[in-house]
Every structure is written in structure tokens, then in C-alpha cells.
2 protein chains.
Amino acid sequence: MDLIKENPLDLLIRRIRAHHPLGVDDQKRILDLPYKIRTIEAQAYIMREGDRPDRCVMLLSGFAFRHKLTGDGSRQIVAIHIPGEAPDFQNLFLEESDHNVQMLTRGVVAEIARESLERLVLENPAVARAVLVFTLVESSIFREWVLNVGRRDARSRIAHLLCEFACRMNAQGLAPNGVYELPMTQEQLADASGLTPVHVNRVLQGLQRDGLMERDRRIIRFVDWEAMRDVADFNERYLHAREFEHGRNSIGLRSGGLAFVN
Amino acid sequence: MDLIKENPLDLLIRRIRAHHPLGVDDQKRILDLPYKIRTIEAQAYIMREGDRPDRCVMLLSGFAFRHKLTGDGSRQIVAIHIPGEAPDFQNLFLEESDHNVQMLTRGVVAEIARESLERLVLENPAVARAVLVFTLVESSIFREWVLNVGRRDARSRIAHLLCEFACRMNAQGLAPNGVYELPMTQEQLADASGLTPVHVNRVLQGLQRDGLMERDRRIIRFVDWEAMRDVADFNERYLHAREFEHGRNSIGLRSGGLAFVN
DNA sequence: CGTACGTTTGATCTTTCTCAATAATGGTGG
DNA sequence: CCACCATTATTGAGAAAGATCAAACGTACG
């Protein structure tokens, strides 16, 4: 399933329906949304702190990240977005962005103008509910990141990031057999975990040495999911995956494991 | 203005109207919400991780906090709530709470049942918008906390927490002249900043020694707001206070300073 | 084939943690 | 009102995780 080739609004509908039933007219109204497909280069900014959010972006391919800077210029990545993920509603109802959104890799996005999406949300309770839930799940992930960065040591922290990716990539069908590409430099990994690149490097080597995972460039391969989950102190509850199992045969998914667990 | 003595739904209406106009019938429907006033003891849990959120709580008096625990039992406080703040919508549309909510002090809350609030939100676009904005502002605060804990040193981190409180307390009229009570032990401060209590103690003494603030018990008094803001690397943008200036004479408020700045 | 960027390594330095003991404080029952 | 107990705050000394600095090594790509 290539997200770039399909109508991005179908993707949006699918995501909303995964959470909650959607009437035919609601679906029609979604399909009427005007949108624009754009290719964006790696490193390009989608939104900068202080900007007025005037559009909402859906990632059809490529990765993006959100970050903030301290006064002395150090950077904290506060979120990463993988292809196919729900659109960016973080700013849509605020007048001024409080952080930067930047592409991690080159990618293709669908842009929806703020006004039309805003109207859609406010006029369609089913859509409003879905947007609220998307936002709450993102909030939950932020909370887990505060915990991760505030209370876990470097090894757990990195392992946790990797586990979160594994789960989210898996949910998008992008991590067959526990193998996925994490297109981040070690410096970016450091900025996401509140560490230095040097230390990230040593931690990654440690995880590898202990047989928890393998790396080849940016390709991550989980060798021992259970052990990894253990050092990561990872519990997927905060991802609220069950909120998105509506109308799906959820047997197996509810078992708590990933598809690639041996 | 004593929040305990007034109708909590008026408080809710006021908060929503601060953000966006509200029709008379919307207001009526809000006033029809059934609610229950409860006194809660310090340390009592309002919600536990794993619970199904079945009610929404507004803080009329007293302080509360949200936290998560790692597997080995260390705690990270991810949010603090002060009296009069917007209700807790974090969990209202999710099936399972991903964190704990606990009272910091004894306090009085108004409880609104999930179903009635959910219906209100979904049937009234003006309310939906307000709830969305409340949620987005909380999200923004989480992001700032990730930055705070991930990229600032101990001194900045504590100073930043204190500045955030100063602003938020001030917005609720609870910090006259830059003096406010922060009813947290140093251990709780440590859990909010990802430090140890011992180190928090030393940092507080440092801030005091350098003439930035004074302490008497849990009473904080800002002596030099500008200097504090400086070491805190504090920029109130992320609090999105402007989102709540609707219909208010915002001259002075927009100037970026606090009421108690000398 | 050279340049730029990312990764890896080693050595040293700092911040913060840990452990442990002491001093305040607040609240409680008598 | 006082003595006592539990909590919280404070101090000191030593240990450790992670940061910093600097250099070398790879790799991709024009």
C-alpha cells in the first residue's frame, strides 16, 4: 500500500474510522476537503516557532520531527512523526506555534488549509471526537517522554525510544520482523533523548554488544524484543493503540505483543 | 473571589468565554451539567493509571499533580494543577488513563460525569473548540517540560518551574507582587524536574544566595524577576496566554510582563 | 578523488547522584 | 501547652553517569 499513490483524504478517513464509526455524509465532507500535495526536502521547515499555523500537514512519505531550542542554542526534539501518521493538529487551533516542525528526510505531504479543516472539525462531532483523541494520544506520548528524559538512565532512554518506534512503525506496517529504518543521525537521537551524540553512540554499541539489537547504518533490527522491552522499561499502554482498533479483528493485537514477536 | 463559593459551571463558562464567545444557549447547556462538589484529602488519588476515566474534575481549591512511575519505582511528575484551572480533559476521551492524578494538598473539586460532558462537547462546537484549545495548551506545556528536563541544567530547570508557576498563579490572581505559595516538598520538586531532592535543595539555596528569590517555608518570593527569567531561559510563549484574552482589555497583558514586575 | 558529514574512540572533567548523618518543622495526643 | 514522632530540609563526603574535548576513521556523494 503506497500512501503516496492514494487519496490522502482516504487515509484520513481510515484513521478516523479506526477510532470511531463515521457516517456517509461525514465521509463525503472529508473527501470534499481541498488539499495540496507537496514534496519537501530533508531539513526543510514545515512550521517555525512563532508562525501562525495556517495549514495542517499529513505525512504521506518521509519522517518529520518537532523540536524546541533553549536560549543557548541546544535543541530538544519533542516528537517524531512517521509516514502515514495522523495529521498535525497540534497547532491548528492556536494562534502561534510554540515549536518548530522540520522534515527529517525528504518526503511527500498533503496540506490542508486551516480554515476548511477547522470548519470540518467543528461541524462534525465524529471528526471532532477523532481529532480530540489524536491530540490526547499525542499528549500521552509527550508525558511518557517527560518521564523518559527525566527519570531513565541513558541506556533505558535510548532503548525506550527504539521500542516506541518499533511499535509505531509496526502499527503502520513499516517494521516487518522487527526491522525498521530509523532515519536519524546519532546527534538527532541525542537531541531526542537529552544526551550527547558521543554518549548515544556508546549506548547503542552497548545494546548491540549485549545482543539486544543490531544496526546497519540506520537500519535497526530487534534481536531480543523481550530483553529490549525490559531494559527500556517499555509499556505500550501510553500509545493507546486500543483506541484505534474499531471495527478491526483485534484478536492478537490485544495480546500486548508486536506482530514480530518471535 | 472565592472559587469554592461560586457555581463551578460559571467558572467553566468564564474560562471558555475567555477564549471564544459563547452563545446564550451554549451557556444554558453548560449550566445544566450535573456536577458534584467533593473535598479531597492531600495525597488522595483522583485517577490511577489503568483506570477508565469516568469523570472530569475541576479544581476549586487546592493543588493537584499528574505523575508516572518507572518500573523501578522512580517517579516523574508531568504536570501540576493550580486552583481554578481548566478541568481535566486529558483522559476524558480515552478508555484508559496512562498516568496518575493525585492531590498535592487537600482541596475542593467539582466532578462532572464523563457522559454528560462528552455530549456537551460533541454537540456544541464552541465548547469543542475551547476543549481542544485547553488540551493543546496543555500539550504545549508538556513539550516545554520535555525541553526543560532534557536540555536545561539543574539551576535553569528549577528556575523555569518557578517561573512557570509564577505566571500561572498570577493568571489566576494567586501571586500578588510575585509572592506565591508553592505547596510542594523538595522531593516533589525533584520529581518534577528529574533531579534528586538533595540537589534541588542546593539549587534553591543557590538561587536565594544570588538574590533571585526568597523562600519562607513553601512561600516563594521573586526578588529579581528579570534575572530569574534569564537563568530560567523562560519565555512564556508556550503558555499561550493570548488564547485567553478574548473580550478582555489586553493592554498591559500583551506587554509580555507579569503584573508584579517592578 | 576530495570534501562534508556522520561515527567512533580515548582521555579528562563536571554535574549530579548516592549515602549517611543531623537539624528543623509540623502535627498529634496527653 | 508540651513532649514526641514523622516528615522534610540541610550538610558533607565520595562515587558515578554522562559531558566535553579532540582526534581519527568511514562513507556518501558531487
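If you take CG of B:D191 and P of C:dC17, they are 11 Å apart, rounded to a whole angstrom. As rounded to whole Å, 13 Å separates atom P of C:dG6 from atom CG of A:L189. The nearest whole Å value for the distance from the CG atom in A:L195 to the C1' atom in C:dT16 is 14 Å. Rounded to whole angstrom, the span from the CD atom of A:E187 across to the C1' atom of C:dT8 amounts to 15 Å. A:Q43 has its CD atom 13 Å from the C1' atom of C:dG6, to the nearest Å. Here C:dT22 presents its P atom at 17 Å from CG of B:N201, a figure rounded to the nearest Å. Rounded to an integer number of Å, the gap from B:I158 CD1 to C:dT15 P is 16 Å. The distance between atom CZ of B:R151 and atom C1' of C:dT16, rounded to the nearest whole Å, is 16 Å.
The side chain of B:R217 sits closest to C:dT25 out of C:dT25, C:dA20, C:dT8.
Donor-acceptor pairing under 3.5 Å is lacking for the side chains of A:D233 and B:T70.
You'll find the ring centres of B:F65 and B:H67 inside the 6.0 Å limit. Taking the ring centroids of A:Y238 and A:H160, they lie under the 6.0 Å cut-off.
Interface remark: the A:R202 side chain does form a donor-acceptor pair with the C:dG10 base, using a distance-only criterion of under 3.5 Å.
Distances shorter than 4.0 Å separate some side-chain N or O of A:Q205 from OP1 or OP2 on C:dT9. Phosphate proximity of C:dT16 to B:R152: absent, as no side-chain N or O sits under 4.0 Å from OP1 or OP2.
For DNA chain D, the span of nucleotides reached by chain A at under 4.0 Å from its heavy atoms goes, 5' to 3', from D:dG18 to D:dA28.
B:R157 comes within 4.0 angstrom of no nucleic acid atom, judged by non-hydrogen atoms across all strands. Within 4.0 Å (heavy atoms only), B:R155 reaches no atom of the nucleic acid at all. Residue A:T196 is classed as a base contact, given a heavy-atom separation below 4.0 Å to a base.
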Apply salt bridge (charged side-chain N to carboxylate O under 4.0 Å, His left out) to A:E144 and A:R237, showing your working. CA-CA 10 Å; A:E144 183 72 27; A:R237 189 201 310 269; over 6 Å; no

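Residue whose closest nucleotide on DNA chain C sits further toward the 5' end, between B:V203 and B:V198: B:V203.
Looking at A:L239 and B:D98, their side chains never come closer than 4.5 Å, going by heavy atoms from C-beta outward. B:R143 places a side-chain heavy atom less than 4.5 Å from the side chain of A:F142.
One finds the CD atom of B:E226 at 11.5 Å from the CZ atom of B:F234 (value rounded to the nearest 0.5 Å).
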